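Structure, as structure tokens:
Just so it is clear, the model here is predicted, and its values are computed rather than measured. Letters A, B, ... are given to chains in the order of the sequence lines, protein chains preceding strands, and every chain is numbered from 1.
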Number of protein chains: 2
Amino acid sequence: MNNIEWKKEKNLSLLVDFYELTMTNGYLVNGDQDHIVYFDYFFRKVPDNGGFAITAGLQQFIDYLMEIEFSDMDIEFLKEMNIFEEKFLEYLKDFKFTGDVWAIPEGTPVFPNTPIITIKAPILEAQLIETMLLLSLNHQSLIATKSNRIARAANDKPVVDFGARRAHGADATIYGARACYIGGCLGTSNLLASKMFDIPVIGTIAHSWVQFYDDDHTAFKSYVKAFPDNAILLVDTYNVLGSGIPEAIKVFDELEGEGKKGIRLDSGDLDYLSKKARKLLDVAGYEDATITATNSLDEYQIRELERQGAPIDSYGVGERMITARSEAVFGGVYKLVAVETEEGISPRIKLSEEAVKVTNPGFKELWRLYDNRNGNAFADLITFKDEEVKAPYKLFDPLSPWINKTAKNFTAKKLQTLIVHNGELVYDFPTLDEIRDNLNNELSKLWDGLRRFDNPDRYFVNLSFDLWSEKQRLIEKYRNK
Amino acid sequence: MNNIEWKKEKNLSLLVDFYELTMTNGYLVNGDQDHIVYFDYFFRKVPDNGGFAITAGLQQFIDYLMEIEFSDMDIEFLKEMNIFEEKFLEYLKDFKFTGDVWAIPEGTPVFPNTPIITIKAPILEAQLIETMLLLSLNHQSLIATKSNRIARAANDKPVVDFGARRAHGADATIYGARACYIGGCLGTSNLLASKMFDIPVIGTIAHSWVQFYDDDHTAFKSYVKAFPDNAILLVDTYNVLGSGIPEAIKVFDELEGEGKKGIRLDSGDLDYLSKKARKLLDVAGYEDATITATNSLDEYQIRELERQGAPIDSYGVGERMITARSEAVFGGVYKLVAVETEEGISPRIKLSEEAVKVTNPGFKELWRLYDNRNGNAFADLITFKDEEVKAPYKLFDPLSPWINKTAKNFTAKKLQTLIVHNGELVYDFPTLDEIRDNLNNELSKLWDGLRRFDNPDRYFVNLSFDLWSEKQRLIEKYRNK
């Protein structure tokens, strides 16, 4: 299949790690295809050592889940590999996801080792969907987490995603722009993402415009001829203070009407230049003209500019946000946690040399506990699915159980919602603006200490006593095997 | 448009930074739409401070270029923004690229500030295609460059891309797998990429398989029942040396036939465990059983394992290759370099506070100079398009022109090829295997010093005297404006 054919049909059903198919074929060969199993999606570390991550990408994963369909061409391709059973290929022809999906809604602050998505399904189905689940959630959660850091650094000034050109392919720009918006950006330069997700789109001119007209004055005059109401001029093609800003002011002087006026700085010392620019604009009577800054910005650069009092009105952020350059991986994993047997749900565990990497077994519920005195979240709690959580409740550190306290005055909220039941979508996806509102609401309930970029406070994720005890039992059992 | 509709049609024509459209609309308003201009795509710094980068992504950009088409829905969407001229929307309806594209073929080692792609087209067309050109080339060149580093570290042992789950969306896995293969990987776990690009696909079992069967022995027995000829067993779910490897050996003992046997290690000290595993396998008579290592590998980890003599037969590399985690950005840019006027081709320049960031003006040719005594490339040379390059040729450092030498016995090769002429494809794209062969051939002509991961030797990129002189003239001209 050539690339153009593929783009026209874009069927992602074969976007699996190959072992998903060798395993599902293997389960069928062994007659184990009907076992119901439980998988959790979780992550182990917040990127950039931040205080929390932000969930995103659920809708794209569910879109995929609802439309998986192996075409005749796909089946033929697999058949020619000569390693799959005929009955397995027959099974794929009629594949449909029939299980349940619980998930934390998009735009929720989350913490390591908590189940963000839980899947209950026949083993074949639960296994087959792993790759797309992981890549959808890992990508968008990475970018939403990063963009939120950047938006926080900017102190409520607008941050716009300008990263399309440096993203890892078309999907990375499109869904990355979506995730940036969830995390707190005001808009994007990406027109397709704007169209698909109704995100505000922003953009005026590049250096090429100024180079084409050969001098700042002619270039700016030509631009405002086309867009008299949006005269945001790029002033650093040749010489910011010597030519760019003076010529911009001349063109503003010649402009009639009350349209938007402003400049963009894309190089040099943005603090120094923005202060100089502000003075020149103010002296010329353009106190309302805005200053936009771009050029390899991230939360650290913006934090410094804000500390220096740079009079920048908005930030355009490119490669360092759309690739999460400082830590470009969100390490979410998808682990088997339980198998239904004749005796009931049998919890399963994966061991590791590192205690923190041992998985939490069982079919579980995730709670967030809010202090009734101030409304703030003070801990997440993982229990088995059927446990109740009522005050007073004894919380303890799962790695150091002698550290404990009894919570008395709190409200416990279940974080996961049923999204898909028996293969049917039972959830109304919120709009992106609703997701942003949800995020702002949840963020307002986090202690400030979690918002620090460096050395944030630690948030406690507790296990119920029953779950912790079962985990210890399983560790003993498998260690001694 | 919802996401599912978009995926079914996947029309990327609107995947532009918004300013591409404000500018193209603006050129039309100013009556400048028919000017022929020249743009160069180049980069300024090799990621990870490496000695060279590797080009990739050209075919995907050209695919896009040949099929840009604004649908009625796209035009309607733009019309509703109420900022574009009617004649501009009419223009977009019939948009077709009519210009010329020269490019360095994929799988070529390249150096900073050399023109990798040159576009000659009417200004509207040349501007509109910027975003997709940049993201296609920047993404795949980034990953091809990284995967080549990793493949070099592995000393000709197979490296396989296992990164799908941590890539930045579906395209990043698919085209990332392609770029990994160009850079030197043996294969991928990504089945769709395998199907689309005919890349070998690899995969056996995950930890979930072992957890499902609850113990290593039952799990391995079940797996070889399905795949008796490919018994590559994952041995670290519970305890590598205590259970995983001993149970794998028992299952090998029970297997009939001469199929592939091996183990995969995915945690712990891969040097220590591989040496222990090798001994256990050898003592049991499985000298041919292979050891595959995975777990957060990159060129530095692999280099250390190779130095320690770890008896690893192949490496599976995930997140650190598919995201180029150590430096996740390939900073390629697309700059206007010349405008056709009534007096001929007028070179244009973009200045900067940093000398190295000033662009190379003009419509140019890029040459690679090979020493006839040993066949090795010793410099790249950028000239105006119509210059000849013959021995003896005086080369000088463009930033320090007093450093110079005269090259006497060399062969000069033009690196760019005409790909599209007057809007028509005039190039036969090579297969991926041909691209790999080309890369290996070119790499064999680079001095060893360029291959170091740390502090590689510097490769010289020279300008012809005429080009250098014109650049100095333009710097003076615009500085003094």
Least distance between heavy atoms, [X] atom then [Y] atom:
X         : Y         : answer
Phe212(A) : Arg348(B) : O-NH1, 2.7 Å
Arg166(B) : Val333(A) : NH2-CG1, 3.2 Å
His168(B) : Ala172(A) : O-CB, 3.3 Å

In the structure I gave you, are the side-chain heavy atoms of [X] and [Y] within less than 4.5 Å of one another anywhere?
X         : Y         : value
Leu191(B) : Leu78(A)  : yes
Asn190(B) : Leu15(A)  : yes
Tyr478(A) : Thr237(B) : no

Against chain B, work out which of [options] has the most heavy-atom pairs shorter than 4.5 Å and name it.
options                         : result
Tyr223(A), Phe227(A), Phe162(A) : Phe227(A)
Tyr334(A), Tyr19(A), Phe39(A)   : Tyr19(A)
Asn30(A), Leu133(A), Val16(A)   : Asn30(A)

Shorter than 4.5 Å, heavy atoms on both sides: which option in [options] has the most such pairs with chain A?
options                                    : result
Arg165(B), Gln127(B), Lys225(B)            : Arg165(B)
Ile83(B), Val37(B), Thr131(B)              : Ile83(B)
Val210(B), Ile205(B), Ile143(B)            : Ile205(B)
Ser194(B), Ala167(B), Gly163(B), Gly331(B) : Gly331(B)

Quick one: does any side-chain atom of [X] pair with a main-chain N or O of [Y] as donor and acceptor, under 3.5 Å?
X         : Y         : result
Asp171(A) : Asp171(B) : yes
Ser189(B) : Phe18(A)  : no
Glu319(B) : Val329(A) : no

| message | Would you say the ring centers of Trp209(A) and Tyr27(B) fall short of 6.0 Å from each other? | response |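 They qualify: ring centres under 6.0 Å apart.
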
